[in-house]
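The structure appears right after this line, and notes come after that.
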Amino acid sequence: MIGIGEVTEVDPGRITDADAQRAGFTSAAGLRSSLDKHGRGVVYRLVLSYGGPAPELRPQPVDLRPRERAAIDRQLAQLDVSAPRGPWTRTVLEALRRCPGLRAAELAADHGRPVSRCKSDVWQLRELGLVEPHEAGFRLSPRGKSYLGSP
């Protein structure tokens, strides 16, 4: 979690190199150049602090209605039909059910596919709301769990 402390309006011409370095720039000139690229407006200095790790949110169970389930079935069927290698969506979903946190590289190794292709596969499932990031990898989302009928 990030805490936001003081917020003050700043004249860009008065920003020092030390100010710019605290903001992640190498110099005040670099910071001003970045401000110029993104348009002029009011410039503010925010004082941020680390507030500790975010609280663990418990995923809420999802009850898919028959229409939602049918829509997912159609979307997955379309992905499967359009893939030159044939059906793949169920295999990836089942792998993520068995191994939450599975990384794309591990998925690629298990299925003999390039990592970039596996990332693309997972991304498509993520766009359907069936998969979500987890640690360094991916897991089923609550919607994905409901779709597969797992707790």
Side-chain angles (χ1 to χ4, degrees), residues 1-65 68 71-72 75-76 78-80 82-85 88-148 150-151:
M1 295 191 51
I2 297 174
I4 299 175
E6 186 179 347
V7 177
T8 54
E9 188 173 335
V10 183
D11 173 3
R14 298 187 60 129
I15 295 173
T16 66
D17 285 340
D19 295 331
Q21 289 168 0
R22 280 193 301 276
F25 291 84
T26 55
S27 67
L31 189 150
R32 282 191 284 275
S33 174
S34 179
L35 291 172
D36 288 340
K37 270 191 243 176
H38 299 289
R40 278 296 183 162
V42 180
V43 177
Y44 293 93
R45 175 183 294 126
L46 283 72
V47 177
L48 305 176
S49 62
Y50 176 68
E56 184 69 28
L57 299 176
R58 296 189 179 226
Q60 298 298 313
V62 175
D63 291 326
L64 292 176
R65 296 184 190 116
E68 290 173 290
I72 294 170
Q75 291 167 319
L76 294 180
Q78 181 61 42
L79 291 173
D80 286 339
S82 64
R85 69 185 181 284
W88 61 271
T89 57
R90 182 66 109 172
T91 304
V92 172
L93 291 171
E94 290 292 349
L96 294 174
R97 177 180 14 200
R98 284 189 310 277
C99 301
L102 196 62
R103 296 177 335 173
E106 296 164 328
L107 194 58
D110 290 347
H111 296 95
R113 299 197 62 233
V115 175
S116 61
R117 301 284 178 159
C118 284
K119 284 182 179 181
S120 176
D121 292 348
V122 171
W123 186 258
Q124 290 178 81
L125 296 173
R126 206 174 153 199
E127 285 180 337
L128 297 177
L130 301 173
V131 172
E132 63 188 13
H134 178 66
E135 296 172 4
F138 299 93
R139 67 179 174 194
L140 292 178
S141 66
R143 186 173 196 234
K145 288 178 182 177
S146 178
Y147 178 75
L148 292 181
S150 58

>> Quick check: do V122 and K119 have side-chain heavy atoms less than 4.5 Å from each other?
In response: no

> Would you say L76 and L130 make side-chain contact, with heavy atoms under 4.5 Å?
Replying inline: yes

>> Once side chain to side chain donor-acceptor pair (under 3.5 Å) is applied, what residue pairs with a partner in residues 19-29 remain, sequence neighbours excluded?
In response: T16-D19, D19-R22, D19-R45

> Which pair of non-hydrogen atoms, one from S34 and one from F25, has the smallest distance, and what is that distance?
Replying inline: CB-CE2, 3.7 Å

> Any side-chain heavy atom of L48 sitting closer than 4.5 Å to one from I4?
Replying inline: yes

>> Would you say that L125 contacts L93 through its side chain, given a criterion of any heavy-atom pair below 4.5 Å between the two side chains?
In response: yes

> From E94 CD over to L140 CG, what is the distance, rounded to the nearest 0.5 angstrom?
Replying inline: 8.0 Å

> Is there side-chain contact between E132 and P142, with at least one heavy-atom pair below 4.5 Å?
Replying inline: yes

> Shortest non-hydrogen contact from A108 to C118?
Replying inline: CA-SG, 3.4 Å

> Taking C-beta and beyond as the side chain, do R126 and P133 meet within less than 4.5 Å on heavy atoms?
Replying inline: yes

> Looking only at heavy atoms, which two atoms of A95 and L107 are closest? And how far apart?
Replying inline: CB-CD1, 3.9 Å

> What is the distance from atom CZ of R143 to atom CD1 of I72, rounded to the nearest 0.5 Å?
Replying inline: 3.5 Å

>> Distance check, rounded to the nearest 0.5 Å: I15 atom CD1 versus L31 atom CG?
In response: 5.0 Å

> Does a sphere of radius 6.0 Å around CZ in R117 hold more than 12 heavy atoms from other residues, nucleotides or ligands, not counting ones at 6.0 Å or beyond?
Replying inline: no

> Can you name the residues that form a side chain to side chain donor-acceptor pair (under 3.5 Å) with R85, not counting sequence neighbours?
Replying inline: D121

>> If I compare all heavy atoms of V7 with all of Y44, which pair ends up nearest, and what's the gap?
In response: CG1-CD2, 4.0 Å

> Can you list every pair that meets side chain to side chain donor-acceptor pair (under 3.5 Å) and has a residue in residues 5-14, with sequence neighbours left out?
Replying inline: none

>> If I take atom NE2 from residue H134 and atom OG from residue S141, how far apart are they, to the nearest 0.5 angstrom?
In response: 13.0 Å

> Do the side chains of W88 and Q124 get nearer than 4.5 Å, heavy atoms only?
Replying inline: yes

> Do you know which two heavy atoms are closest between R103 and E106, and how far apart they sit?
Replying inline: N-OE1, 2.8 Å

> Taking all non-hydrogen atoms of both residues, which atom of V115 and which atom of A105 are closest, and how far apart?
Replying inline: CG2-CA, 3.9 Å

